[in-house]
J.: 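Dropping a structure here in structure tokens format, bear with me for questions.
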Amino acid sequence: MTDVAASGWAGFDLARPLVMGILNATPDSFSGGGATQGPSALIETGLAMRAAGAAIIDVGGESTRPGAAVVPPDIEIARIVPVIGGLARDGVTVSVDTRNAATMRAALDAGARIVNDVSGLRHDPAAAPLVAAAACPVILMHMRGTPATMSAQAVYNDVVADVLAELAATRDAALAAGIAPAAIALDPGFGFAKRGAQNVALLRALPSFRALGHPVLAGVSRKRFIGELAGEPDPARRDPGSIAAALFAAGRGAAIIRVHDVPGTVQALRVWQALADA
Ligand code: HH2
């Protein structure tokens, strides 16, 4: 198997877990949207995340929480392009969180360097050829159905084996479309067509996902299963539980941790790493 830590991804060496800061230019994200802030406030938020230690800022213009409204690409583009442009001009490494090829194109043109697709490039048939031609790093996440239908599809024979097989098939389709193996990172897709204990099983199984030969991203921040484990119904109050899960994911080989609370997660990872290094 390729040594992921040695070979790196997106120009990062991955010797230590990276933090990806979540910047939602949406009015309806599950833990509070940012669209009401306007582009300059969102850019300031993104710059503050970088100053706090985020390696990547993930900019999205469509909420993918269960049952969220579908956002047409032109609205998605209008929400995110000014934010991506502003961050990229300041040298920030930006990923674009989208399922739409037109949005990927506009985001890459505006300076985004990474594509993050919760559908694993399966939602839009134009997406995989576009990413192959752009030769940019890409995060392929596992989900079933769409945000509107996924909750009903959280039925598995063996959640770990099934998600591994489906994500490997998604990866193979990306390779067949001409995307380089070294460009790909994989994500089990916590909360996407998964319920409570299924997320826990997948988190414990992260080493099996890493064994697919790509860096692994874990996006657990403020998600419902964290709330269930913590007894905290309010997503905005789930950062301590999210950090506990982030450290657990890092201990099981996650290379990238996608979070809302960048300063808290960076501090926790620094201490965890220093203790692990000793
Ligand atoms: N989770 C969300 C969105 N994008 N991308 C990846 N790779 N992994 C994830 O787990 C993931 C993701 C959902 O979280 P958030 O962006 O905070 O909410 P919303 O989709 O409601 O905007």
Side-chain angles (χ1 to χ4, degrees), residues 9-10 18-37 42 45-46 49 54-71 75-76 79-80 83 94-100 103-104 107 112 114-123 127 131 137-144 146-148 150-151 163 167 170-171 174 184-194 198-199 202-203 206 209 214-227 234-236 238-239 242 245-246 249 254-262 265:
W9 177 79
L18 304 177
V19 169
M20 169 188 272
I22 300 169
L23 193 59
N24 285 323
T26 53
D28 58 346
S29 287
F30 77 94
S31 76
T36 47
Q37 288 179 48
L42 286 166
T45 304
M49 285 180 178
I56 303 167
I57 305 297
D58 191 40
V59 180
E62 178 187 44
S63 173
T64 47
R65 73 185 156 74
V70 172
V71 177
I75 294 181
E76 198 186 17
R79 286 177 178 173
I80 65 172
V83 180
V94 174
S95 56
V96 59
D97 184 354
T98 185
R99 306 178 287 157
N100 299 310
T103 310
M104 292 172 192
I114 300 166
V115 168
N116 172 27
D117 185 343
V118 297
S119 83
L121 303 177
R122 291 176 306 117
H123 173 74
V131 168
V138 61
I139 299 154
L140 303 176
M141 199 194 80
H142 174 272
M143 75 182 293
R144 284 178 172 180
T146 65
M150 64 187 178
S151 299
V163 173
L167 192 54
T170 295
R171 184 272 316 269
I184 296 173
L186 298 177
D187 179 346
F190 296 97
F192 288 82
K194 289 106 189 168
Q198 295 167 339
N199 295 290
L202 291 168
L203 204 44
L206 283 184
F209 285 88
H214 304 271
V216 170
L217 183 147
V220 294
S221 186
R222 297 186 182 173
K223 287 195 174 160
R224 182 185 303 216
F225 81 101
I226 300 290
D234 179 359
R238 292 179 189 155
D239 286 335
S242 303
I256 309 150
I257 318 278
R258 182 180 183 276
V259 304
H260 298 86
D261 176 13
V262 171
T265 311

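Order of listing sets the numbers, starting from 1, for every ligand and every atom in it.
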J.: Is it true that Lys223 lies under 4.0 Å from ligand 1, counting heavy atoms only?
T.: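 Within the 4.0 Å threshold, so yes.
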J.: Any donor-acceptor pair under 3.5 Å linking the side chain of Lys194 with the backbone of Pro188?
T.: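 Present.
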J.: As an exercise, identify every atom of ligand 1 less than 4.0 angstrom from a heavy atom of Asn24.
T.: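 Reading through ligand 1 atom by atom, the close ones are 15 (P), 16 (O), 17 (O), 18 (O), 22 (O).
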J.: Considering only non-hydrogen protein atoms, determine which one is nearest to atom 18 (O) of ligand 1 and report residue, atom name and distance to 0.1 Å.
T.: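 Atom 18 (O) of ligand 1 sits closest to the protein heavy atom Phe30 CD2, 3.2 Å.
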J.: Looking only at protein heavy atoms, identify the closest one to atom 17 (O) of ligand 1 and say how far it is in Å.
T.: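 Looking at atom 17 (O) of ligand 1, the protein heavy atom closest to it is His260 NE2, 2.9 Å.
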J.: With atoms numbered from 1 as shown, which atoms in ligand 1 lie under 4.0 angstrom from a non-hydrogen atom of Gly219?
T.: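 In order of number, 10 (O).
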J.: With a 4.0 Å heavy-atom cut-off (strictly under), which part of Met141 contacts ligand 1: side chain, backbone, both or neither?
T.: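 Within the 4.0 Å criterion, Met141 contacts ligand 1 through side-chain atoms alone.
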J.: Can you tell me if Asp234 uses its side chain to pair, donor with acceptor, with the backbone of Ala236 under 3.5 Å?
T.: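 Judged by distance alone, yes, a pair lies under 3.5 Å.
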J.: Between Asp97 and ligand 1, does any nitrogen or oxygen pair lie at a separation below 3.5 Å?
T.: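 It does: an N or O of Asp97 is found under 3.5 Å from an N or O of ligand 1.
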J.: What protein heavy atom sits nearest atom 11 (C) of ligand 1, and how far off is it?
T.: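 Atom 11 (C) of ligand 1 sits closest to the protein heavy atom Arg258 NH1, 3.5 Å.
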J.: Apply the test side chain to side chain contact (heavy atoms under 4.5 Å, CB included) to residues Asn199 and Lys223: give CA-CA distance (whole Å), side-chain angles for both, the deciding distance (0.1 Å), then the verdict.
T.: CA-CA 10 Å; Asn199 295 290; Lys223 287 195 174 160; over 6 Å; no
J.: Would you indicate which of Thr98, Val118, Asp187 comes nearest to atom 6 (C) of ligand 1 when only heavy atoms are counted?
T.: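 It is Asp187 that holds the nearest heavy atom.
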J.: Asp97 versus Arg258: any side-chain heavy-atom pair under 4.5 Å?
T.: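 The answer is yes; the side chains approach within 4.5 Å.
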J.: Within the structure provided, determine whether Arg122 and Thr170 are in side-chain contact (heavy-atom separation under 4.5 Å).
T.: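 Touching, per the 4.5 Å side-chain cut-off.
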J.: Specify the closest pair of heavy atoms between Leu23 and Leu42, including all atoms of both residues, with the distance to one decimal.
T.: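 Heavy-atom minimum between the residues: CD2-O, 3.4 Å.
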J.: Measuring only between side-chain heavy atoms, which start at C-beta, is Ser221 closer than 4.5 Å to Met20?
T.: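 Sidechains of Met20 and Ser221: no contact.
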J.: Could you tell me, atom by atom, which parts of ligand 1 come under 4.0 Å of a heavy atom of Asn116?
T.: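 Within the 4.0 Å cut-off of Asn116, ligand 1 contributes 5 (N), 6 (C), 7 (N).
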J.: Taking only heavy atoms of Arg65 into account, list the atoms of ligand 1 that are under 4.0 Å away from them.
T.: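 By the 4.0 Å cutoff, the relevant atoms are 20 (O), 21 (O).
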J.: Among all protein non-hydrogen atoms, which one is nearest to atom 22 (O) of ligand 1, and what is the separation to 0.1 Å?
T.: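 Ranked first by proximity to atom 22 (O) of ligand 1 is Ser29 OG, 2.5 Å.
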J.: Answer whether the closest heavy-atom distance between the side chains of Val96 and Val59 falls below 4.5 Å.
T.: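 They are not in contact (no side-chain heavy atoms under 4.5 Å apart), so the answer is no.
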J.: Would you say the side chain of Pro235 lies within less than 4.5 Å of the side chain of Arg65, judging by non-hydrogen atoms?
T.: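 No - every pair of side-chain heavy atoms lies 4.5 Å or more apart.
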J.: Measure the distance from atom 21 (O) of ligand 1 to every protein heavy atom, then report the residue, atom name and distance (to 0.1 Å) of the closest one.
T.: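 Going by distance alone, atom 21 (O) of ligand 1 is nearest to Ser63 OG, 2.7 Å.
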